[in-house]
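Here the structure is laid out as structure tokens; the discussion comes afterwards.
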Amino acid sequence: MKVVEIENLTVNYQGILALDKVNFSVESKDFLGIIGPNGAGKTTLFNCMLGLLDHYKGEIKFFGTSIKKSKKYLGQIGYVPQKPVFEKNFPATISEVVGMGLTKNSKKDRIDEVLQKVWLHELSHRRIGDLSGGQQQRVFIAKALVNSPQILILDEPVTGIDSQSKELFYQILHDLNQKENITIIWSSHDLDAVSKLASKVACLNRTLFFHGISEEFFHNENLLKMYSESSMQMHMHHHED
Amino acid sequence: MTFEILSYGFMHRALISGIAISLMCSVVGLFLVLRRYSLFGDALAHAAFGGVAAGLFLGIYPMWIAFGVSVSSALGLTKIRQKFQISGDATVAILLSTGLAIGVVIISISGGFTVDIFSFLFGSILLISLENTILILALAGSILIVILLLYRQLLYTTFNEEQAKVSGIPVEKLNYLLVTIAGITVVSSMQLVGILLISSLIVIPNVTAMLFSRGFKQTAILSMIFAVCSVVTGIFSSYTFNIAPGGMIVLISVVIFSVALGIKSTGFLKNKTIIPNIKQV
């Protein structure tokens with residue numbers, strides 16, 4: 001069953017073509033890794049999917065319905081941003097931060113439940129700003145999960161996090177996909193982690209030049225070479241700019 | 001002495017209104033402080049000053065004009081910030097000086113109505129009538145109920161607007177609601193605390209509370225306690241020493257803040273919480 005369909009998605013952002021006719025779909029229970037260099041359009045793609053950017057051409061459908069017609073799909077999505085921006089001394093405990101995501105239909109017990117899933121239940125009364133970057137990202141996973149979403153969207157969630165915390169983070173994502181059947185759409189620079197975790201891969205560099213089974217991509221030297229050349233070109237392009 | 005003070009009707013009204021105002025200012029102020037809108041209350045109070053002067057000049061009850069000016073300034077300021085991407089502190093400075101300028105011009109034209117204006121600028125216990133007390137209680141009650149009902153959405157929007165938007169929260173509507181509430185709070189409070197000092201009642205108890213608390217609810221409760229203590233002690237000392245209440249209330253809140261800073265710097269409460277952890281509601 002297709003839970004997400006992206007059709008001919010084109011985004012022109014201040015005269016720059018950020019995304020060019022991107023087409024792909026996500027099946028229920030997929031673990032999709034979206035890879036691509038900096039400036040490839042990953043965050044733009046997510047911003048369109050999450051309703052934060054609506055100046056695009058093409059169609060985005062969640063559960064078969066265009067997101068322009070209804071915003072109800074947002075209730076079925078959990079989102080973990082790259083690096084959540086908040087005041088370091090914001091007076092909110094971990095429980096309060098996770099509880100911010102609760103809707104009227106969710107039970108308050110969910111806060112403890114989701115904190116256990118990310119192994120933070122013992123720290124629930126600590127202030128969010130007192131935690132390490134890795135722990136904070138686990139809090140934001142818990143917040144994204146509090147309404148029992150069907151889809152979890154993560155935008156380069158482990159940027160700037162130490163390797164031990166990354167491993168723990170990846171383990172949590174793996175368990176959510178395998179044990180709880182949550183569809184995961186995850187953008188990352190970490191090709192090694194994507195090859196180990198993702199069941200499917202989408203390679204994005206303003207346009208989509210691969211979408212398919214993970215092994216197909218990582219066992220195909222031509223595709224890997226194409227990806228690294230494209231990344232290098234993008235890198236050079238950024239420097240020229 | 002204390003019993004004698006409490007036998008006066010105007011003291012009853014001042015104390016009841018004062019407690020309602022302190023609860024309202026600390027709760028609304030917490031959202032403003034966390035959004036870095038600390039001087040927003042000051043700007044609205046100065047805009048309201050123009051309204052008060054206009055009301056006195058036209059012979060209309062000045063509070064009604066002040067409510068209109070304050071709320072419309074709050075909404076206008078928010079719209080301007082969104083549309084023209086002018087920084088928050090610059091728009092606050094423009095509104096602050098515009099309100100004051102309008103007030104000064106009207107006072108100059110009218111030849112001055114010094115006694116009334118002085119009361120509005122620095123607050124007065126005697127200014128609070130029974131009608132005012134009822135109005136303040138009704139407004140404070142309504143504002144606290146609205147904030148309680150929308151507490152989670154307001155907190156989420158204050159914490160991170162983008163994530164709140166992704167969760168389907170109507171962020172823009174909530175922002176307009178919050179500034180409207182701030183405008184009403186400022187005007188309701190200015191008779192007691194005074195136009196020039198109202199922003200301190202919005203800011204100081206919250207900043208003091210944030211020194212000690214871990215969570216949002218703890219901060220809100222501590223801030224309300226500090227604000228009520230400042231206002232009640234300020235009203236008593238205002239009567240006792242015949243000083244404008246606004247000044248006394250603010251000075252007492254500054255004393256509480258200074259003591260809190262001292263305690264914090266000694267590390268005495270480092271691993272303790274002033275009030276126990278509150279279960280998620």
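From a predicted model like this one, the values you see are computed outputs, not experimental measurements. Chain naming here is simple, since letters A, B, ... match the order of the sequence lines and numbering starts at 1 in each.
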key: Contacts with chain B made by residues 48-61 of chain A (heavy-atom distance under 4.5 Å), listed by residue number   =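 A:Leu50, A:Leu52, listed by number.
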
message = So which residue, A:Ser124, A:Pro91, A:Gly78, ends up with the most heavy-atom pairs under 4.5 Å with chain B?
response =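 Top count of heavy-atom pairs under 4.5 Å with chain B: A:Pro91.
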
ask   = Would A:Met100 and B:Gln153 count as a side chain to side chain contact (heavy atoms under 4.5 Å, CB included) if you check the C-alpha gap in whole Å, the side-chain angles of each, and the deciding distance to 0.1 Å?
value = CA-CA 7 Å; A:Met100 285 176 201; B:Gln153 288 97 318; over 6 Å; no

task = Indicate the ring-plane relationship of A:Phe90 and B:Phe159, choosing parallel, tilted or perpendicular according to the 30° and 60° boundaries.
result =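 Ring orientation, 0 to 90° scale: perpendicular.
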
query = Which atom names give the shortest non-hydrogen contact between B:Arg152 and A:Leu102, and what distance separates them?
reply =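 Taking every non-hydrogen atom into account, CD-O, 3.8 Å.
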
message = I need the residue from B:Ala209, B:Gly168, B:Ser213, B:Ala220 with the largest number of non-hydrogen atom pairs under 4.5 Å to chain A.
response =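 Among the listed options, the one with the most contacts to chain A is B:Ser213.
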
Please check if the number of heavy atoms outside [X] that lie under 6.0 Å from its [atom1] is greater than 12.
X        : atom1 : answer
A:Lys68  : NZ    : yes
A:Lys71  : NZ    : yes
A:Lys166 : NZ    : yes
B:Glu172 : CD    : no

key: Contacting region of A:Ile94 [heavy-atom separation from chain B under 4.5 Å]   =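 Neither part.
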
inquiry  = Using heavy-atom distances under 4.5 Å, tell me whether A:Lys72 contacts chain B through its side chain, its backbone, both, or neither.
reply    =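 For A:Lys72, no heavy atom lies under 4.5 Å from chain B.
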
inquiry  = For B:Glu162, which atoms come within 4.5 Å of any heavy atom of chain A: side chain, backbone, both, or neither?
reply    =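 For B:Glu162, backbone and side chain are both near chain A.
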
task = Applying side chain to side chain contact (heavy atoms under 4.5 Å, CB included), run through A:Glu87 and B:Arg36 and close with a yes or a no.
result = CA-CA 10 Å; A:Glu87 288 288 324; B:Arg36 292 178 174 265; 2.8 Å; yes

ask   = Can B:Val166 and A:Tyr79 be said to form a side chain to side chain contact (heavy atoms under 4.5 Å, CB included), step by step?
value = CA-CA 8 Å; B:Val166 172; A:Tyr79 168 57; 3.9 Å; yes

query = About how many Å separate OG of B:Ser167 and CD1 of A:Ile77, when rounded to the nearest 0.5 Å?
reply =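 OG of B:Ser167 is found 10.5 Å from CD1 of A:Ile77.
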
request  = Enter the distance from B:Arg214:CZ to A:Glu96:CD here, rounded to the nearest 0.5 Å.
outcome  =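 So the gap between those two atoms works out to 11.5 Å.
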
